[in-house]
Amino acid sequence: MTTPRPRHRGRFAPSPTGPLHFGSLVAALGSWLFARAAGGDWLVRIEDIDPPREVPGAAAAQLATLAAFGLVPDEPPVFQSTRGDLYAAALARLLAGGDAFECHCSRSDLEATGGIHRSCVAGRRRDTPAIRLRVPDGRLGFQDRIQGWFEQDLGREVGDVVLRRADGYWAYQLAVVVDDADQGITDVVRGADLLDSTPRQILLQQRLGLPTPAYAHLPLVLDAEGRKLGKSLAALPVDAADPLPALRAAWAFLGQDPRRWPAGPPERALISALPAFDAARIRRESRAPAPDRVQAG
């Protein structure tokens, strides 16, 4: 007998480094559409484990913007900063099993290898070493719902992955894997800038004995110079006071028929547009210009 697929659970996971911009909205809307089209749940997780990069008040502003756009999660938002015990337990398992190790290397120590760690070369010991995942030689790949087959030679292209930084902060790769499993996430829909992070996350899932979600990496939104919108001067916030233009533009950017976007307030428009959503219309390319007139000026 075929095992029934678990109920779809998707998530949008912004970092509180500033207001939501159009690229963020595309990721949020895309993950919401996939979840709702499957009759599943949509969650929001705030990835606030890098305090030096965080902007005070950004998380609250992001949640308020999502609500103004009609994108309301089915469960209370989760904050990674409150989940250190889960990460510590996972790290302890990896260390006990020999899958993780202390690393005293600095960035300058790894300059000769382009920053890729394959063996420790530091000539000194740090009081607070980093902890890395031991990455084997060989290729690891997966089938992405939008980008198709993607694989990496993790040993040559990535090297041993940092799980806890030398400054004591948790690394993104460990936190996202632990959180997706703990929250029962079955489908990860996010921007294609994270496509090459996925093989290392799958390896970490395997080492921890955790399920691997299905993945769909949305095309990136770039500015006129071809830079990722979130890293450019054009990354102005979307206008929460007038959400419909940006929502319509995000719908079209995801390849959906603009004529199928209905009138009405955001929450009603989203529900009305949902039957017309066709994931097969999302283009594969991760290089596309940002639509005009979707940002606050």
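Sequence positions, counted from 1, serve as the residue numbers for this chain.
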For a quick test of reading the model, state the closest non-hydrogen atom pair linking Ala59 to Phe79 and the distance between them. CB-CE2, 4.1 Å

Using the rule given for salt bridge (Lys or Arg N to Asp or Glu O under 4.0 Å), can you reason through Arg118 versus Asp137, listing the C-alpha separation, both sets of side-chain angles and the distance that settles it, and then say yes or no? CA-CA 10 Å; Arg118 296 306 289 147; Asp137 293 329; 2.9 Å; yes

Can you see which heavy atom on Gly40 is nearest to which on Asp74, and at what distance? O-OD2, 4.3 Å

Worked verdict on Glu75 versus Arg9 for salt bridge (Lys or Arg N to Asp or Glu O under 4.0 Å): CA-CA 11 Å; Glu75 298 174 9; Arg9 283 174 66 83; 2.9 Å; yes

Of all the heavy-atom pairs spanning Leu63 and Val44, show the shortest one and how long it is. CD2-CG1, 3.8 Å

Polar side chain donor-acceptor pair, Arg190 to Ser197, under 3.5 angstrom: no

Verify side-chain hydrogen bond (donor to acceptor under 3.5 Å, both in side chains) between Arg45 and Gln183, making sure each step is shown before the conclusion. CA-CA 10 Å; Arg45 181 168 68 230; Gln183 293 186 279; 2.6 Å; yes

Suppose we call two aromatic rings close when their centres sit under 6.0 Å apart. Are Phe150 and Tyr215 close by that rule? no

Taking all heavy atoms of Leu218 and all of Gly30, pick out the closest pair and write down the distance. CD1-CA, 4.0 Å

Does the side-chain hydrogen bond (donor to acceptor under 3.5 Å, both in side chains) test come out yes or no for Tyr87 and Asp179, once each step is laid out? CA-CA 9 Å; Tyr87 311 147; Asp179 285 337; 2.7 Å; yes

Closest heavy-atom contact between Ala181 and Leu210? CB-CD1, 3.8 Å

Verdict with supporting geometry, Ser108 and Ser106, side-chain hydrogen bond (donor to acceptor under 3.5 Å, both in side chains): CA-CA 5 Å; Ser108 59; Ser106 66; 2.9 Å; yes

Test salt bridge (Lys or Arg N to Asp or Glu O under 4.0 Å) on Asp153 and Arg156 and set out the steps. CA-CA 6 Å; Asp153 185 326; Arg156 293 180 179 225; 3.7 Å; yes

Less than 3.5 Å apart, any donor N or O on the side chain of Gln152 or Arg139 sitting next to an acceptor on the other? no

Thr212 and Gln205: which non-hydrogen atoms are nearest, and at how many Å? OG1-OE1, 2.7 Å

Let's go through Arg93 and Asp99 carefully: what are the C-alpha distance in whole Å and the side-chain angles of both, what is the deciding distance for salt bridge (Lys or Arg N to Asp or Glu O under 4.0 Å) to 0.1 Å, and is it a yes or a no? CA-CA 8 Å; Arg93 287 172 55 195; Asp99 292 313; over 6 Å; no

